[in-house]
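Everything on this sheet refers to the single structure shown next.
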Amino acid sequence: MLPKPPAALRSGDEPVRRLSRDVLPLDATELARFLVGATLVHDVDGARLSGRIVETEAYLVGDAASHAFRGRTARNGAMFLERGHAYVYISYGCWPMLNVSAGEAGVGTAVLLRALEPIDGIEAMRESRGAARILDIARGPGRLAGAMRVTLADDGADLCGDGPLWLGAPLGPPMTIATTTRIGITKDAERPLRFFERGNPFVSGPRRLID
DNA sequence: CGGCTGATGATCT
DNA sequence: GATCATCAGCCGG
């Protein structure tokens with residue numbers, strides 16, 4: 001039982017406010033920074049799963065690492081939705097990945113959610129992920145989606161609407177955001193498009209990328 | 001803690 | 001047929 005969430009992050013105390021679309025930056029880089037510290041909520045089976053987003057990556061227009069680089073396909077269609085929609089795809093045949101679309105409708109760009117600090121439904125998250133340590137419940141994009149019970153069925157969902165999966169206002173004190181290169185890509189790998197809360201133990205990736 | 005490896009299947013060429 | 005926006009497990013220091 002490692003670090004208990006700070007008081008400001010504890011469940012139930014105050015209702016989390018849904019983010020409206022107009023507060024989301026259009027630009028994926030700005031959106032990626034904006035989402036560090038915001039919350040992700042999934043109301044499912046009468047329970048609430050939620051956490052604080054602590055790590056993101058931006059995928060831009062003209063970015064060779066982006067799934068949208070070669071244009072629109074059946075898989076990446078949700079990347080072209082107006083900002084604030086879910087783009088979910090299956091990575092390495094097994095792992096769902098959750099992105100938040102950025103930009104105007106018709107523009108293929110998004111922000112990958114890479115790590116979450118669990119807040120509500122921690123035991124339910126642990127169950128859906130097998131016996132994982134709290135620190136590992138949502139540390140990494142595949143783990144995050146698994147813990148939050150995000151599946152392909154959520155592809156295209158409006159995260160700024162009335163649905164069960166949504167983005168919430170930031171919780172907790174202001175944080176310092178650090179920037180590095182993105183993880184696990186080979187093309188356009190030098191771009192500084194990964195953002196995370198400095199010092200947060202729920203952030204994924206090798207230590208050399210945690211400054 | 002850091003480094004390596006096999007699993008695994010959709011997607012696109 | 002190649003390429004993955006990864007993960008868990010194992011091994012060594």
Side-chain angles (χ1 to χ4, degrees), chain A residues 2-3 27-36 40 51 53-81 83 85-103 107-116 118 125-157 159 178-196 199-211:
Chain A
L2 267 154
D27 178 75
T29 304
E30 291 177 32
L31 180 62
R33 297 188 70 102
F34 176 88
L35 288 177
V36 174
L40 177 70
I53 297 164
V54 297
E55 180 185 0
T56 63
E57 283 177 356
Y59 288 85
L60 312 181
V61 173
D63 172 1
S66 169
H67 287 172
F69 184 60
R70 292 172 206 286
R72 192 170 190 155
T73 67
R75 171 175 69 163
N76 68 19
M79 286 187 82
F80 293 78
L81 296 174
R83 68 191 189 280
H85 288 79
Y87 164 47
V88 182
Y89 74 95
I90 303 296
S91 179
Y92 291 90
C94 319
W95 315 103
M97 304 271 171
L98 174 61
N99 297 253
V100 179
S101 69
V107 179
T109 176
V111 173
L112 172 67
L113 304 186
R114 286 198 56 93
L116 204 70
M125 291 186 194
R126 195 204 301 270
E127 282 168 28
S128 48
R129 288 222 49 248
R133 302 181 310 154
I134 290 187
L135 270 179
D136 291 334
I137 284 182
R139 192 166 63 100
R143 294 163 169 175
L144 180 155
M148 292 296 290
R149 302 205 192 165
V150 168
T151 70
L152 263 191
D154 298 301
D155 187 43
L159 303 176
T179 306
T180 69
T181 55
R182 295 171 291 185
I183 292 179
I185 59 168
T186 54
K187 290 170 282 197
D188 267 340
E190 303 310 311
R191 298 199 192 198
L193 293 174
R194 171 174 174 259
F195 304 95
F196 61 95
N200 189 298
F202 294 89
V203 169
S204 79
R207 176 166 273 175
R208 68 185 175 80
L209 289 182
I210 303 187
D211 59 38

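Because the structure is a prediction, the values reported are computed rather than measured.
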CA sep, side-chain torsions, deciding dist, call: A:T179, A:R33, side chain to side chain contact (heavy atoms under 4.5 Å, CB included): CA-CA 9 Å; A:T179 306; A:R33 297 188 70 102; 3.7 Å; yes

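- A:D63 places no side-chain N or O within 3.5 Å of a backbone atom of A:F69 that could act as its donor or acceptor partner.
- No engagement by A:R182 is indicated, since no non-hydrogen atom pair under 4.0 Å with the nucleic acid exists.
- A:S204 pairs with exactly one of A:E55, A:R143, A:R139, A:R194 by the side-chain hydrogen bond (donor to acceptor under 3.5 Å, both in side chains) rule, that one being A:E55.
- Remark: A:H67 is not in phosphate contact with B:dT11, judged by side-chain N or O atoms under 4.0 Å from OP1 or OP2.
- Contact annotation: the side chain of A:V107 never approaches that of A:F80 to less than 4.5 Å [non-hydrogen atoms, C-beta and beyond].
- Across the interface with DNA chain C, nearest-nucleotide mapping of A:P141 and A:K187 shows A:K187 to be the residue nearer the 5′ end.
- Closest to the side chain of A:T73, from the set C:dT6, C:dA5, B:dC12, is B:dC12.
- For the pair A:Y92 OH and C:dC7 C1', the computed distance is 10 Å after rounding to whole Å.
- The interatomic distance linking A:F69 (CZ) with B:dC12 (P) rounds to 15 Å, in whole Å.
- Closest to the A:R129 side chain, of the nucleotides C:dT6, C:dA8, B:dT11, is C:dA8.
- An OP1 or OP2 oxygen of C:dC4 is reached within less than 4.0 angstrom by a side-chain nitrogen or oxygen of A:T186.
- The side chain of A:W95 approaches C:dC7 more closely than any other nucleotide in the set C:dA5, C:dC7, C:dC4.
- Using N1 to N3 plus N6-O4 or O6-N4 for Watson-Crick, or N1-O2 and O6-N3 for G-U wobble, each under 3.5 Å, B:dT8 pairs with nothing.
- The residue A:L112 sits close to a base: some heavy atom pair falls under 4.0 Å.
- Distance, A:M79 CE to B:dT11 P: 15 Å, rounded to whole Å.
- As a whole-Å value, the separation of A:N99 CG from C:dT6 C1' is 14 Å.
- Taking a pair to require two hydrogen-bonding distances under 3.5 Å in either a Watson-Crick or a G-U wobble arrangement, C:dA5 remains unpaired.
- Distance alone, capped at 3.5 Å, is enough to place a donor-acceptor pair between the A:E57 side chain and the A:I183 backbone.
- For the pair A:E57 CD and C:dT6 P, the computed distance is 7 Å after rounding to whole Å.
- Nucleotide C:dA5 holds its C1' atom 15 Å from the CZ atom of A:F195, rounded to whole Å.
- Taking every side-chain heavy atom of A:R70 into account, B:dT13 is the closest of C:dC7, B:dT13, C:dC4.
- The OH atom of A:Y59 sits 11 Å away from the C1' atom of C:dC4 (whole-angstrom rounding).
- The CD1-P distance, from A:I183 to B:dG2, rounds to 13 Å in whole Å.
- At least one side-chain nitrogen or oxygen of A:R143 sits closer than 4.0 Å to the OP1 or OP2 atom of C:dA8.
- Place A:R75 and A:D136 on DNA chain C by their nearest nucleotides, and A:R75 ends up nearer the 5' end.
- Residue whose closest nucleotide on DNA chain B sits further toward the 5' end, between A:L152 and A:C94: A:C94.
- Using a 4.5 Å heavy-atom cutoff, the side chains of A:D188 and A:L60 are not in contact.
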